[in-house]
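Structure first, then comments.
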Amino acid sequence: METALDPARRLLREVFGFPAFRPDQEEIIRAVLRGRDALVLMPTGGGKSLCYQIPAMLRPGTGVVISPLIALMQDQVSALRQHGVAAAFLNSSMSHEERQRTRAALQGGELDLLYLAPERLLNEDSGTLALLRRIEIALIAIDEAHCVSQWGHDFRQDYLGLDVLEDHFPGTPRLALTATADEATRKEIVVRLRLTAAERFISGFDRPNIRYTVRMKNGPGADLLAFLRERQGQAGIVYCLSRRKVEATAERLRNEGFDALPYHAGLSAQQRRRCQARFQRSDGVIVVATIAFGMGIDKPDVRFVAHCDLPKSIEAYYQETGRAGRDGEPAEAWMTYGLQDVVRLRQMVDESEADEDHKRVQRTRLQSLVAWCEITQCRRAALLAYFGEQYPQPCGNCDNCLNPPKTFDGTLEAQKFLSCAVRAGQRFGAAHLIDVLRGRDTDKVRRHRHQNLSTFGIGSDLSARQWHAVVRQVVAMGFARVDAERHGALVLTPRARPLLRSEQTIELREEVRLARPRRASRPRPEPWEMAAADEPLWQALRTCRTRLAEEAGVPPYVIFHDATLKEFLRARPSTPESMLELHGVGQAKLERFGHAFLEVIAAADGADDDDPSGNPP
Ligand code: ADP
Ligand code: ZN
């Protein structure tokens, strides 16, 4: 007996080349096939697209997908076409003729999927809505549904108009999909898109393939270079806080031989488009960007996201790092930060135009992130806890789990520092207070007669670097805060009292090591730990993929994902049948590209068989 999902599973296997649905996908597809509306909240890379693509192919009529960005639309459509799916888009980048052709295909009932920007759908002059009302619609999927939220950073006016869809297409299942987390946004989506009757599918936020690492800033740029050198040829995003730093970092990386491009709001629209297209379409490009580089990114094989400066909040960090590893392969979220970042971000909040309530929220969010940076337990568990999710720690895939930090009773050090700040009138920043603690004879010390303070010189046993680590942690734990109005002065919070009275003790990270971490202790991402013998075939497979991608005018991952190339490497298929067994290989792709890869593999296997002595067999 066939169940409702069997045809869906068959499409998954034969068209997309995947053996099984992920648990949530199955539930969602079942609901949509029953004609239900759905609100889908799934982390980036969770596999939202299949949730509407497969039902659109199975239900009679065309599935309409509303998506905010033209560039993404084009990539999705070309990826679907490579799978042999009848998909098209309508947007302003097309010629009149192309548009006519798509309209004709639509009217002829030839399309399984049609991608549209919201403005095109709602614009009366385009006649799109009228056209869609004349044909059979399988479902309507609203991607990036959080764009409807006026409080979010991705707000799009046009999304507000999408509430009319219910009137025009009564009874047609509608899906709203997003990766954005919070409860308030979720409610707004339901109300504004009139999805009160929708089934809700809220998947967990864990991104198990992302490894989280946070480091203290060492020298400017040195850590980043060391990090990147171990990841030659991988695609990634490096975030910096300012345009100037973006430019400087990109140039430095280029000088070091990396294929790096700058991206920020100060570039022309054309420059930005070109940068995005290069990143999306080629292998191994690094984009150095301010947060302006964001939503348009739908590249599945981003192997790392590096933050050279602290992001604004845990939400922002989660969203930005979420751009790594959408293909489910191991990826890295790496960050360096220092107290100076906290000072700068506080300043930005304080000087912004926002009202006082808003600023308070921003400050709290920043503080939560700083605290997260300094925790000594599993980062993943803490990150998920922030979003209200339980995670059984340790995860084994974050810096704290891989190299558990040693801690020591730092109560005395914290007390020394806090009382020094009080004695100096809570008007000074970390650098000067540390000079006082260490008993240094500087102009500033003399100008303020701080050599007379009782705390002068009581901390000469620690280096400046060690003291900085203490200060950072004391701030992260909320015993003191940075007052941006007073140029980064450190001010005590009410929490400092019990600590100063020794009613409480604190544990500090013993990360005061002066030397750089030993090589052996540095975790290496496993996926690229490829046997040396496999390296030539791996490169040959990638070259083959690049060539096919260029011929087809699509990004390399549209031909086959990294995961599939690795399958080739592992299984070394020698026939089309054995290739079809592998993850990511469907019938259409096999016919189009299988042969080329089989040749590459056969050539490599032939070379392996050669007698190393060079003698003929
Ligand atoms: P999202 O839109 O949620 O960020 P996508 O729909 O782009 O995610 O899917 C992310 C990746 O996961 C894609 O590379 C996709 O091919 C892959 N994927 C989706 N569903 C499955 C599945 N059932 N089995 C294996 N891979 C899948
Ligand atoms: Zn962990």
Any chance you could lay out the salt bridge (Lys or Arg N to Asp or Glu O under 4.0 Å) test for Asp309 and Lys245, step after step, and finish with the verdict? CA-CA 10 Å; Asp309 299 304; Lys245 187 158 169 192; 2.8 Å; yes

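Using a 4.0 Å cut-off between charged nitrogen and carboxylate oxygen, Arg545 and Asp562 count as a salt-bridge pair. Using a 4.0 Å cut-off between a side-chain N of Lys or Arg and a carboxylate O of Asp or Glu, Arg59 and Asp112 do not qualify as a salt bridge. The pair Glu332-Arg303 fails the salt-bridge criterion, with no side-chain N (NZ, NE, NH1 or NH2) lying under 4.0 Å from an Asp/Glu carboxylate O. A salt bridge links Asp75 with Arg281; the closest basic N to acidic carboxylate O contact falls under 4.0 Å. Between Arg380 and Asp206, at least one side-chain nitrogen of the basic residue sits less than 4.0 Å from a carboxylate oxygen of the acidic one, meeting the salt-bridge criterion. Under a 4.0 Å N-O distance rule, the pair Glu356/Arg363 qualifies as a salt bridge. Ion pairing between a basic and an acidic side chain is recognised when a charged N comes within 4.0 Å of a carboxylate O; Arg215 and Asp399 show no such pairing.
In this structure, Phe560 and Phe593 have perpendicular ring planes: the angle between them is above 60°, well past the 30° mark.
Tyr159 pairs with exactly one of Glu119, Arg192, Glu144 by the side-chain contact (heavy atoms from CB on, under 4.5 Å) rule, that one being Glu144. Under the side-chain contact (heavy atoms from CB on, under 4.5 Å) test applied with Arg186, the options Val191, Thr178, Leu39 reduce to a single match, Leu39.
In this structure, the side chain of Glu14 does not engage the main chain of Gln587 through any donor-acceptor pair within 3.5 Å. For the pair Asn209 (side chain) and Ala331 (backbone), a donor-acceptor distance under 3.5 Å is absent.
Checked against a 6.0 Å centroid threshold, the rings of His307 and Tyr337 do not count as neighbours.
Residues passing the side chain to side chain contact (heavy atoms under 4.5 Å, CB included) test with Ala382 are Trp372, Ile375, sequence neighbours excluded.
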